[in-house]
Amino acid sequence: MKEYEDHGHQIVLGAGEVYIARTGAPGERYVGDTPGASLSVELEETTIFASDGPQTDRRLLDIQKPRRTFNVTLQDISAANVALWLSGTESTTPGSAVSDELYPAVAVGYWYQFGGGAGVPAVAASAAVSGKAGKSGSSAISHIDPVGSIQSDTEIAVDYEKGRFKVLKKTALGKDADSGPIRLSYTPVARSRVVSGIDAVYGAVRYLERAATAGASGRNVYIPRARIVASGQWELKSREQPQRMELSCEVDGEIYIDAVAA
């Protein structure tokens with residue numbers, strides 16, 4: 001007679017892919033590499049204790065409902081993932097030439113972004129930047145050079161890769177002053193942009209198991225509806241790990257879990 005039971009084991013070293021279908025999207029989107037994904041459950045309960053006696057005996061424990069959350073760590077910093085994390089939207093803007101764009105107050109020795117404000121991320125080096133001094137643009141700026149080719153007479157240095165420029169000489173302003181207006185003409189590169197939002201984002205979430213453990217079958221997880229919110233921080237700069245973002249998908253309804261073949 002055996003002294004132990006010979007049980008089959010379902011020990012899984014988890015691995016898999018995460019897909020999210022944002023409400024209104026035509027289908028599910030693979031969110032890219034995800035170094036972590038988990039399901040968590042918290043119980044919302046109300047506890048009432050006795051108040052009259054010397055001991056605070058529990059009189060009532062009412063478990064109201066479980067709160068289920070699917071948590072995922074994103075390592076693919078795509079525009080679509082950033083939009084999810086910011087509850088925002090993404091768009092693509094073509095590179096169309098800009099003519100005589102006014103910069104009302106630039107100063108010698110400072111950097112500025114083409115387009116002002118959020119601006120443009122890069123400027124096409126194939127189309128040279130040209131400029132005019134003053135608000136009316138009455139005189140041309142003669143010497144505009146790339147940052148890698150600055151000369152002794154360079155008035156404005158252009159960083160095409162970052163979409164930025166720096167005023168180096170007063171002559172670019174058309175007068176003997178440290179600051180003033182200029183106009184610039186340039187061609188931005190086509191770009192994608194994410195704008196943060198304030199409205200709640202909902203969608204379906206799917207986890208497809210790709211278990212690496214021989215002889216064990218993992219579990220596929222499907223959540224038809226969840227509120228998708230950012231969790232934690234997006235560490236923009238680190239020497240210890242790549243950029244990552246955390247998403248918490250608060251389940252609104254059922255969770256379906258199916259076995260998959262070993």
Side-chain angles (χ1 to χ4, degrees), residues 29-33 35 73-86 88-135 137 139-174 177-197 230 233-245:
R29 182 180 63 84
Y30 173 56
V31 300
D33 192 54
T73 302
L74 305 176
Q75 196 164 254
D76 189 323
I77 312 300
S78 64
N81 284 346
V82 173
L84 267 181
W85 196 77
L86 290 174
T89 56
E90 60 171 317
S91 62
T92 301
T93 303
S96 302
V98 177
S99 179
D100 289 342
E101 185 171 72
L102 176 63
Y103 297 82
V106 298
V108 175
Y110 289 89
W111 285 98
Y112 300 90
Q113 198 76 24
F114 280 96
V120 299
V123 173
S126 58
V129 173
S130 62
K132 299 176 182 177
K135 187 175 182 179
S139 60
I141 300 173
S142 302
H143 303 285
I144 301 177
D145 300 308
V147 290
S149 303
I150 294 176
Q151 308 296 320
S152 60
D153 57 357
T154 299
E155 296 171 286
I156 293 179
V158 176
D159 188 331
Y160 286 87
E161 183 178 347
K162 297 178 181 178
R164 295 170 67 77
F165 69 90
K166 184 178 183 180
V167 180
L168 300 182
K169 292 182 179 296
K170 295 180 181 181
T171 53
L173 306 177
D178 291 328
S179 64
I182 62 171
R183 289 182 177 272
L184 295 176
S185 298
Y186 62 95
T187 301
V189 299
R191 60 198 183 275
S192 65
R193 170 165 290 168
V194 172
V195 179
S196 61
Q233 64 184 13
W234 173 13
E235 192 168 353
L236 296 174
K237 183 177 180 180
S238 172
R239 289 294 179 262
E240 298 177 356
Q241 66 178 21
Q243 291 187 9
R244 291 175 176 173
M245 297 181 292

**OP:** Taking all non-hydrogen atoms of both residues into account, name the closest pair between Ala107 and Val167 and its distance.
**Re:** O-CB, 3.7 Å

Subject >> Partner set under ring-ring contact (aromatic ring centres under 6.0 Å, His included) for Tyr186, not counting sequence neighbours >> reply: Phe114

Subject >> Atom pair CD/CD of Gln243 and Glu235 - distance to nearest 0.5 Å >> reply: 9.0 Å

Donor-acceptor pairs are to be reported for all side-chain atoms of residues 157-164 against protein atoms at under 3.5 Å, with residues two or more places apart or in another chain.
unit_1: Asp159; atom_1: OD1; unit_2: Glu161; atom_2: N; d: 3.2
unit_1: Asp159; atom_1: OD1; unit_2: Lys162; atom_2: N; d: 3.2
unit_1: Arg164; atom_1: NH1; unit_2: Gln113; atom_2: OE1; d: 2.7

Subject >> Contact list for residues 101-112, test salt bridge (charged side-chain N to carboxylate O under 4.0 Å, His left out), sequence neighbours left out >> reply: none

Subject >> Minimum heavy-atom distance Pro35-Arg244, with the two atoms named >> reply: CG-NE, 3.8 Å

**OP:** Hey, could you give me the CG/OG distance between Leu173 and Ser139, rounded to the nearest 0.5 Å?
**Re:** 10.0 Å

**OP:** Starting at CE of Met245, measure out to CG of Leu74 and round the result to the nearest 0.5 Å.
**Re:** 5.0 Å

Original post:
Does any non-hydrogen side-chain atom of Lys169 lie less than 4.5 Å from one of Val108?
Top reply: no

Subject >> Pairs where residues 104-131 contributes a residue and the test salt bridge (charged side-chain N to carboxylate O under 4.0 Å, His left out) is met, not counting sequence neighbours >> reply: none

**OP:** Begin with the C-alpha distance, continue with both residues' side-chain angles, and end with the deciding distance and a verdict on side chain to side chain contact (heavy atoms under 4.5 Å, CB included) for Val98 and Val120.
**Re:** CA-CA 11 Å; Val98 177; Val120 299; over 6 Å; no

**OP:** Could I get the full list of salt bridge (charged side-chain N to carboxylate O under 4.0 Å, His left out) partners for Asp100, not counting sequence neighbours?
**Re:** Lys132

Subject >> Steps toward side chain to side chain contact (heavy atoms under 4.5 Å, CB included) verdict (Leu84, Arg29) >> reply: CA-CA 12 Å; Leu84 267 181; Arg29 182 180 63 84; 3.6 Å; yes

Original post:
More than 12 non-hydrogen atoms from neighbouring residues, nucleotides or ligands closer than 6.0 Å to OH on Tyr30, yes or no?
Top reply: yes

**OP:** Apply the test side chain to side chain contact (heavy atoms under 4.5 Å, CB included) to residues Leu184 and Ile156: give CA-CA distance (whole Å), side-chain angles for both, the deciding distance (0.1 Å), then the verdict.
**Re:** CA-CA 11 Å; Leu184 295 176; Ile156 293 179; 4.3 Å; yes

Original post:
Can any side-chain N or O of Arg183 pair as donor or acceptor with the backbone N or O of Tyr103 at less than 3.5 Å?
Top reply: no

Original post:
Going through the checks in order, is the side chain to side chain contact (heavy atoms under 4.5 Å, CB included) test met by Val31 and Asp76?
Top reply: CA-CA 7 Å; Val31 300; Asp76 189 323; over 6 Å; no

Original post:
Sub-3.5 Å donor-acceptor pair from the side chain of Asp33 to the main-chain atoms of Gln75, do we have one?
Top reply: no

Subject >> Heavy-atom closest pair, residues Lys166 and Gly109 >> reply: CE-O, 3.4 Å

Original post:
Quick one: side-chain hydrogen bond (donor to acceptor under 3.5 Å, both in side chains) pairs with a partner in residues 141-150, sequence neighbours left out?
Top reply: His143-Asp153, Asp145-Thr154

**OP:** Kindly give the heavy-atom pair with the smallest separation between Trp85 and Gln233, and that separation in Å.
**Re:** CZ2-C, 3.9 Å

Original post:
How many angstroms lie between CD1 in Ile141 and OG1 in Thr171, if you round to the nearest 0.5 Å?
Top reply: 8.5 Å

Subject >> Closest non-hydrogen atom pair between Leu102 and Pro181, with its separation >> reply: CD1-CB, 4.2 Å

Original post:
What pair of heavy atoms forms the shortest contact from Pro121 to Arg191, and how long is it?
Top reply: CD-CD, 3.2 Å

